Structure formats: C-alpha cells, structure tokens
Amino acid sequence: MARLALTIARSVSAPAWALAIVLAGAASLGAEIRFRETAERWGIGFEHHHGGTGDFYLIETMGSGVVAFDYDGDGDDDLLFVQSGELGDGSARSRRSVLYRNDGAGTFVDVTAAARLELDVYGMGATAADVDADGDQDLFVTAFGLDRLLLNEGDGTFRDVTDSAGALNPDWGTSASFADVDRDGDLDLYVTNYVDFAYDKNPICGIQKRGLRTYCNPDPYTGLNDRFFRNRGDGTFVDATADAGFGAAAGKGMGVVFGDLDRDGWTDLYVANDLTANFLFRNRGDGTFEEIALISGVAFDERGAPEAGMGVELGDLDGNGFSDLVVTHVDEQANALYSNTGAGLFVDRRWLGKFAEPSYDMVGFGVVMADLDHDGDLDVAVANGHIAHNADEWGTGTTYRQRNQVLENLSDGLFREAPDTGLDVVLSSRGMASADFDHDGDLDLAINNSNDRAEVYENVGASGAWLEVDVGGAGPAVGATLELRTGDRAQRREVRAASSYLSQNSATVHFGLGQATTVDGLLVAWPDGERRRLESVPLRRRLKVVR
C-alpha cells in the first residue's frame, strides 16, 4: 500500500518528518518575483577562490558549482559550495569546499570538518544521489584532476571511495549527474569532460593591439571524451562509455541533464558543449543510447553553428506535457529555448518567445527552471558573469560582473525579464541551485560566484497556493515523474540529480498552484513503472510519497 505523509520543515524543536501542515505566508495573490539576499543572515560565509596568479590558466575562471541536498536525512536541504583552491600539482589545498547543514529557521552551520569532507582537489562541480542504496545521499565531485566519489556513512560523515569504487575520471571533469538509465534499480553516472588543458598548454590570448591578455576560449584546446559509469548494484561502478554508445562523445562538455524527453519511460541525456555540437542521447531501452541532437534540432543554432553551451536545464515550460530545454551561452549568442514538440523534434523559440533579448549582452552559466511566483508555470533564473576578468577594458560595452536575471513565464509562449527582482548583487556568477531552504513553501536560490563570496536569496514575493512532494523511500527516487492536475490544467515534473551548471537543485518537487483551491489528482510514477495515484490532495503542504 502506498503511504502518504504530511511533513513540516525541521526546526530545532520539531523532529524530521513531523506530521504537520506547512502554511504559506499571508502574502496576497498576484505577487511579483522578489528575492532578498540572506547569506550572512542565514550563516553562510563561503568565498570562492580560483588561485590565479596572473598566468591566466583556463581552469581559474570556469568554476564552481553549488549543490542543494539533504545529506543528513532530516528533511531539509543542506548546501555544498564547491571550491577551486590553489593551483598546483594536486597536493592539499589551503582552500576547501564547504558543507553547510541546514538547522531550520534560517540557520546554516559549517559542518565540513565534522563531515570529514576534506577534499584535496581543484573542484568544479558536484552531484548527489544514493549510489549504494543505503538510504542516504552520496556525493560525486568533479575536478581538474581526479574526480572524487564520497560515500555517506549515515552518521554525518563521508568516506572517500574513489579508488575502490571504479568511477575513475582523471580528466578535467565539469558537470556530472546520476540516473537509473537501465531501470535496474541503481543509479548510473555520466561525467562531462571539458578540454585537454594543462599548465604547460597555456597559450596567450586577448586583445593584442591593446596589450590586454585574458583567458582563452576553448578553441585552442582539444575536446575530451565524456565518461559513463554503470552501477554494479553495490555502489561500485564500471566504465561502460563505449558499450553504452557514448564512445564518440568527444566534445567540450559543460552542462548535463537527464530526463525522459520523449516520454517513453526511459531517461535520455542532454549535454551542453562549449563551441562544439551539443549532444542529445536517446535511451534505446536496452542499456544503450543513440546520439540524435542534429536531427532533433538541438545540436546547433538556427544557422547551423555551434554555440558556447554552458548551463542546461529542462522542464515543461509551455504546458504540453513534454520537457523543453534551455541552454545558456556567451554574449552575442543569446540563451537558447528549445521547445519540445513531443514528436521527436525541438523548435528553437528563443527569439519568437522573447527569451533571447534579455540575455544577448550577458554570459550565462547556471540556470534554474522553477515556479518562482506560484502562478502555475515555470520561470527561468540565470546566473551571469563573464569569463574575462578585464572584460570591462575591452571597449565593447561588456562587463566581467553582471546582474543575474529571472525570465518570467507569461504562459502564452512568451517571456519577459522580471524587473526589480532583488538579485541585484553584481558579481561574476557560475553555479546556481534552487530549494525551499526555509520551508515557507517557495523556492530560494543559492549562487556560487567566481573568486568571490557566495549568495543565497530568500524568495519573498511568491504567494498563492503551492505543493511540495518528496518521492522515494529513505532517499529521493531519482527519475520518478509526477503529474499534477488542477481543473483542466496539468503540470509535469521529474525528480532529477544535477543540472544547471556544475550544480544540483533540491530533489523535493515543487508546484506553484496560483489561485487553485484543491488538487484534483497527483500521479507518481517510479522509474521501474510502478505508479501511485492520489486524489484530492491538500494544498500548502509538503508530502512524502513512498511505495
């Protein structure tokens, strides 16, 4: 029998998964998208360091990410900010990635040392999932050098099992994500690799006439093959890159996301590449994939040229029941909006949907789809920042530090840049993740900034009804799909691991419901095909649905 639990955010005095109702704030309907920067108030003081000394190594300007995940299983989302660190030969760094435990009521505590999360890598991004099926969230951290797999011991600590687990990637790993691609009940791993940079492969780039040296774009470098690791079922992995059909996937990988794009019950895979063709791998359902980006319309821009793909996110933006794709790019390209027709073809609607104009002068990295105003559709938040620290001196009007943006979904195929959102701290941003950190029913944002302090934004504008759902047993059921119906309107979501840029959103699924007074039905489908249907679901609550 399916079990249904109503749960409240953990506070100091309330136990995890207490049977209670989470009430929304008293804000009026029709709210605008508004945020308040709250990192210091919530106890988050992370500062990213790239370790640059003036040699303009490409790795310096590409990191880093942020992960929202419940590492201690207490029902609220904690935060991992990935650190780059000092440059060198792989020895211990003087900087570290930082894990913040969410203690509820807007309080985060640095538990990095207590969690034994002493990473000695030049970090890029991370992804979290239960790889050994013991009920808690493990971590895979990408890096320039050997990536790291860290098993959660269930007692608040992690153990590095990189050498013994078999998921060995010594290349420049950028994004990574978990999914059960063969529906055997355990989570497999895909890692994007960038380029063959090395300290002795560091060409001089910039504006020679003006004597301005800066970081190179990826053109001088050869792209690397991505790697796919199949889970043996015990938390160890085998490199199945070639066997699964990924052997030719040599691009310049930046962002990755899993999702069932054709709704055949098997999770597919999209990779955003930097100035090389993007990849769309269709899951054949037999443990192998075929690359179909070109024939699906998501490999190049409308002129047939590769773009500087950075971050990637998917979700049903137009309400047709199929997940659309957003890919962030550098300035003068505009971020892409690929609308999924449901017939194996995507249509580039970036210009038609007025999605492109706000991003044309920006360099986009992290990207999140979320209903930020609770009107029943997904908005898009983008973290912006140039890769060149001296871009302001180029004389082209571009800047290194750039404002972050929210593209408000107008529900008619059109978007607009939401004004005065409060995302007004102008830095050079990279990774972005969303979660309801303060358990008030709306989604907040965490941002990792290049060589600068991190930001956390509390959502203070959303109003109207909402619903949050956790799917799984002891841990999130990655790959599960949820379909929610209110009247004649349906919303579809998937439980996913990483997306955005080097980052990962909360595994708790969030629905904005506007002025709805009841949910007519919620259908939950697990990756193996098992389904549960809930009728007359109450609003303004957080549910946990398990088998």
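Bear in mind the structure is a predicted one, so any value in this text is a computation, not a measurement.
- One finds no salt bridge joining Arg453 and Glu47 here, because no Lys/Arg side-chain nitrogen approaches an Asp/Glu carboxylate oxygen to under 4.0 Å.
- Of all heavy-atom pairs between Ala446 and Leu79, the closest is CB-CD2, 3.8 Å.
- Here the closest non-hydrogen pair linking Ala356 and Ala334 is CB-CB, 3.6 Å.
- Side-chain contact annotation: Asp78 with Tyr100, donor-acceptor N/O pair under 3.5 Å absent.
- For Thr267 (side chain) and Gly259 (main-chain N/O), a donor-acceptor pair under 3.5 Å exists by modelled atom type.
- Between Phe35 and Glu458, every side-chain heavy-atom pair lies at or beyond the 4.5 Å cut-off.
- Phe511 pairs by the ring pair (Phe, Tyr, Trp, His ring centres under 6.0 Å) definition with nothing, not counting sequence neighbours.
- Defined by atom type and a distance below 3.5 Å, a donor-acceptor pair is present between the side-chain atoms of Ser499 and Glu313.
- Asn451 places a side-chain N or O within 3.5 Å of a backbone atom of His50 that can act as its donor or acceptor partner.
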Exercise for the section: Could you walk me through whether Asp260 and Glu494 pass side-chain contact (heavy atoms from CB on, under 4.5 Å), step by step? Expected result: CA-CA 8 Å; Asp260 185 1; Glu494 293 184 53; 4.2 Å; yes

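- Ring centroid separation for the pair Tyr270 and Phe279 does not come in under the 6.0 Å cut-off.
- Aromatic ring centres of Phe197 and Phe144 lie closer together than 6.0 Å.
- No side-chain donor-acceptor contact under 3.5 Å links Ser97 to the backbone of Val82.
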Practice task
Tell me, with the steps shown, if Leu294 and Ile292 meet side-chain contact (heavy atoms from CB on, under 4.5 Å).
Solution key: CA-CA 6 Å; Leu294 181 60; Ile292 59 170; over 6 Å; no

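- In summary, the side chains of Arg41 and Thr38 do present a donor paired with an acceptor at a separation below 3.5 Å, with no hydrogens or angles considered.
- Side-chain contact check for Ser323 and Asn340: no donor-acceptor pair (N or O, by modelled atom type) lies under 3.5 Å.
- For Asp436 and Arg542, the salt-bridge test fails: no basic side-chain N is under 4.0 Å from an acidic carboxylate O.
- Side-chain atoms of Asn404 never come within 3.5 Å of backbone atoms of Leu423 as a donor-acceptor pair (strictly under, hydrogens ignored).
- A donor atom on one side chain and an acceptor atom on the other are found under 3.5 Å apart for Ser339 and Asp318.
- With hydrogens and angles disregarded, a donor-acceptor distance shorter than 3.5 Å links the side chain of Arg34 to the backbone of Asp420.
- Between Phe46 and His48, the ring-plane angle classifies as tilted under the 30° and 60° cut-offs.
- Counting only N and O atoms by type, the side chains of Ser428 and Ser450 include no donor and acceptor under 3.5 Å apart.
- Taking all atoms of both residues into account, the shortest heavy-atom contact from Tyr122 to Glu60 is OH-CA, 3.4 Å.
- Here Phe346 and Tyr338 keep their ring centres 6.0 angstrom or further from each other.
- Counted by atom type alone, Tyr400 and Asn390 present zero donor-acceptor pairs between their side chains at under 3.5 Å.
- One finds no salt bridge joining Glu417 and Lys354 here, because no Lys/Arg side-chain nitrogen approaches an Asp/Glu carboxylate oxygen to under 4.0 Å.
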Practice task
Under the side-chain contact (heavy atoms from CB on, under 4.5 Å) rule, what do Asp438 and Trp42 come out as? Steps first, then yes or no, please.
Solution key: CA-CA 10 Å; Asp438 53 0; Trp42 282 1; 3.8 Å; yes

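- Side-chain N or O atoms of Gln504 include one that pairs as donor or acceptor with a backbone N or O of Ala128 at under 3.5 Å.
- A salt bridge is defined here as a Lys NZ or Arg NE, NH1 or NH2 lying under 4.0 Å from an Asp or Glu carboxylate O, and Asp424 with Arg403 fails to meet this definition.
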Practice task
Would you sort out whether Tyr71 and Leu139 count as a side-chain contact (heavy atoms from CB on, under 4.5 Å), showing the intermediate values?
Solution key: CA-CA 9 Å; Tyr71 95 96; Leu139 280 171; over 6 Å; no

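- Using the six-membered ring where Trp is involved, Tyr190 and Phe281 have ring planes that are tilted, between 30° and 60° apart.
- Looking at heavy atoms from C-beta onward, Gln402 lies in side-chain contact with His386 at the 4.5 angstrom threshold.
- The closest side-chain donor-acceptor pair between Gln491 and Arg489, if any, does not fall under 3.5 angstrom.
- The environment of CD in Glu290 is crowded: more than 12 heavy-atom neighbours from other residues, nucleotides or ligands sit within 6.0 Å.
- Looking at Tyr360 and Glu332, their side chains never bring a donor and an acceptor atom within 3.5 Å of each other.
- Side chain to side chain, Ser429 and Asn449 meet the donor-acceptor criterion of an N or O pair below 3.5 Å.
- Every residue two or more places apart in sequence or in another chain that forms a ring pair (Phe, Tyr, Trp, His ring centres under 6.0 Å) with His510 is listed here: His374.
- Of the possible polar contacts, one joining the Asp444 side chain to the Asn459 backbone as a donor-acceptor pair under 3.5 Å is found.
- In the model, Gln405 has a side-chain atom that pairs as donor or acceptor with a side-chain atom of Asn384 under 3.5 Å.
- Taking the six-membered ring where the residue is Trp, the centroids of His389 and Phe56 are separated by under 6.0 Å.
- Shown here for Leu317 and Leu378, the closest heavy-atom pair between the two residues is CD2-O, 3.5 Å.
- Distance check: Asn335 CG to Glu357 CD gives 11.5 Å after rounding to the nearest 0.5 Å.
- Between the side chains of Asp147 and Thr142, no donor-acceptor pair is found at a separation under 3.5 Å.
- Under a cutoff of 6.0 Å and an axis angle of 45°, Arg350 and Phe355 do not form a cation-pi pair.
- Because its NZ or CZ atom is both nearer than 6.0 Å to the ring centre of Phe322 and within 45° of the ring axis, Arg263 counts as a cation-pi partner of that residue.
- Counted by atom type alone, Ser296 and Arg282 present zero donor-acceptor pairs between their side chains at under 3.5 Å.
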